[in-house]
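Take a look at the structure below.
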Amino acid sequence: MSRLDGKVCAIVGAGQQGGATIGNGRATAIRFAQEGARLVLVDRDGDALEQTRADVLDAGAEVVLVTADVRGASTPGDVVGAAIDAFGRLDVLQNNVGIGAGDQPPHRLDEDVFDRIVEVNLKATWRLCKSAVPIMREQRGGVITNVSSIASIAGTQIAAYRMSKAGVDALTRNLAVTNAKYGIRCNAVLPGLIDTPIGVDAAATALGVDRDDYAARRAAQVPMGHQGTAWDVANASLFLASDEAAFISGVCLPVDGAQTARIG
Ligand SMILES: NC(=O)c1ccc[n+]([C@@H]2O[C@H](COP(=O)([O-])OP(=O)(O)OC[C@H]3O[C@@H](n4cnc5c(N)ncnc54)[C@H](O)[C@@H]3O)[C@@H](O)[C@H]2O)c1
């Protein structure tokens, strides 16, 4: 018996941009597939989604794709609808989409950048949860895992990303409490410095610095002395999605090599 045997799992943000490593969404899709999940994979990038489909088919999963922007008016309904049409239920919703481009400290932050980051990271996550909850209540069970960030609780120069992810943590706890009696669990994973294409390649390019130098700078900030990988985020998400976490809800779990445990 695998850890997600037959469970229908929607992973939103299951593609990834090119880079030297694997991203959190694709790694989570592959780990869920290896543990027997049936998958609904969602991303705005159709080509990236096709690559993830190939990876999860290799792992033996049944899969349907939804190519959509999380900001779209019909996207939350389309995601839940795709799960019901293909598999008749929705057991797990993993909200992985997160952006931060253009972010600044509060006094320099543009209003349109604030709006874009909050809309994608927080509002879209809430809308997807809102869409999933009724079917999970009807089923008398389900799991929602929101990918937040340690930026939601730890010091950082950037404002909108931090505010949006703090909102995701608050949403997570609220969902956990308001849906506990329906058998729905809701938790957040808070990645620290993870070696993903967006976390490292895209950031290094935006800053105009060498990728390896930037990766080394990030690693030096972590008490464990190295960045995490997308597999660390995927494995934490797998645990939270599985029945092994049956009594765990409302938790915001850092996956950060002890970074948030360090003061000073
Ligand atoms: N990489 C890190 O160091 C790090 C640290 C803390 C938190 N996180 C969080 O982890 C999550 C995943 O990050 P990652 O770096 O692994 O990226 P990833 O490789 O998982 O890619 C995210 C995917 O989201 C998709 N996406 C972006 N905007 C979208 C939209 N509007 N609609 C639909 N799809 C959209 C992208 O096309 C991409 O395929 C994010 O929520 C991020 O905030 C990452």
Side-chain angles (χ1 to χ4, degrees), residues 10-31 41-53 55 65-76 78-79 94-103 115-125 127-128 145-154 156 158 160-169 172 188-204 206 214-215 217-219 221-222 226-234 236-237 252-257 259-260:
I11 301 177
V12 185
Q16 73 170 78
Q17 66 175 65
T21 54
I22 191 165
N24 293 332
R26 181 169 293 161
T28 302
I30 293 170
R31 282 301 286 126
L41 302 181
V42 186
D43 206 285
R44 68 177 174 184
D45 181 340
D47 292 340
L49 213 43
E50 285 296 345
Q51 180 56 55
T52 308
R53 183 205 324 240
D55 291 341
L65 305 185
V66 178
T67 305
D69 193 305
V70 289
R71 292 170 294 183
S74 66
T75 300
D78 292 346
V79 172
Q94 172 94 9
N95 283 311
N96 175 68
V97 171
I99 60 166
D103 205 357
D115 286 345
R116 186 169 42 79
I117 291 173
V118 171
E119 184 179 13
V120 171
N121 293 3
L122 178 57
K123 185 176 177 186
T125 298
R127 291 175 62 233
L128 282 153
T145 305
N146 295 321
V147 180
S148 175
S149 166
I150 63 165
S152 67
I153 54 172
T156 163
I158 50 176
Y161 186 75
R162 180 176 191 161
M163 287 187 270
S164 67
K165 294 294 193 178
V168 168
D169 294 354
T172 298
V189 172
L190 277 54
L193 293 172
I194 309 295
D195 193 351
T196 67
I198 292 175
V200 179
D201 303 55
Y214 186 63
R217 257 163 48 196
R218 280 165 65 97
Q221 295 173 52
V222 185
H226 60 85
Q227 295 185 82
T229 73
W231 302 112
D232 296 315
V233 174
S237 302
C252 295
L253 175 68
V255 178
D256 70 347
Q259 196 166 354
T260 48

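Any value given below was found using the heavy atoms of this structure, including those in side chains, with hydrogens, waters and symmetry copies removed. Whatever order the structure lists them in is the order used to number ligands and atoms, beginning at 1. Count residues from 1 along the sequence.
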side-chain contact (heavy atoms from CB on, under 4.5 Å) with R26: of D43, L41, T52, only one passes, and it is T52
Of all the heavy-atom pairs spanning [X] and [Y], show the shortest one and how long it is.
{"X": "W231", "Y": "A27", "answer": "CZ3-O, 3.5 Å"}
{"X": "V200", "Y": "A215", "answer": "CG1-CB, 4.1 Å"}
{"X": "T260", "Y": "A154", "answer": "CG2-CB, 4.1 Å"}
{"X": "P191", "Y": "N24", "answer": "CG-ND2, 4.4 Å"}

key: Salt-bridge contact R116-E119 (side-chain N to carboxylate O under 4.0 Å)   = no
Pairs under 3.5 angstrom, nitrogen or oxygen on both sides, ligand 1 versus protein: list them out, please.
| residue | atom | partner | partner atom | Å |
| --- | --- | --- | --- | --- |
| ligand 1 | 1 (N) | T196 | OG1 | 2.8 |
| ligand 1 | 3 (O) | I194 | N | 3.1 |
| ligand 1 | 3 (O) | I194 | O | 3.2 |
| ligand 1 | 3 (O) | R218 | NH2 | 3.0 |
| ligand 1 | 10 (O) | N24 | ND2 | 3.1 |
| ligand 1 | 15 (O) | T196 | OG1 | 2.9 |
| ligand 1 | 16 (O) | N24 | N | 2.8 |
| ligand 1 | 16 (O) | N24 | ND2 | 3.1 |
| ligand 1 | 20 (O) | N24 | N | 3.4 |
| ligand 1 | 20 (O) | G25 | N | 2.9 |
| ligand 1 | 20 (O) | N96 | ND2 | 2.9 |
| ligand 1 | 31 (N) | D69 | OD1 | 3.0 |
| ligand 1 | 32 (N) | V70 | N | 2.9 |
| ligand 1 | 34 (N) | R44 | N | 3.3 |
| ligand 1 | 37 (O) | D43 | OD1 | 2.7 |
| ligand 1 | 39 (O) | G15 | O | 3.2 |
| ligand 1 | 39 (O) | Q16 | N | 3.0 |
| ligand 1 | 39 (O) | D43 | OD1 | 3.4 |
| ligand 1 | 39 (O) | D43 | OD2 | 2.6 |
| ligand 1 | 41 (O) | N96 | O | 2.8 |
| ligand 1 | 41 (O) | G98 | N | 3.3 |
| ligand 1 | 41 (O) | K165 | NZ | 3.0 |
| ligand 1 | 43 (O) | Y161 | OH | 2.6 |
| ligand 1 | 43 (O) | K165 | NZ | 3.1 |

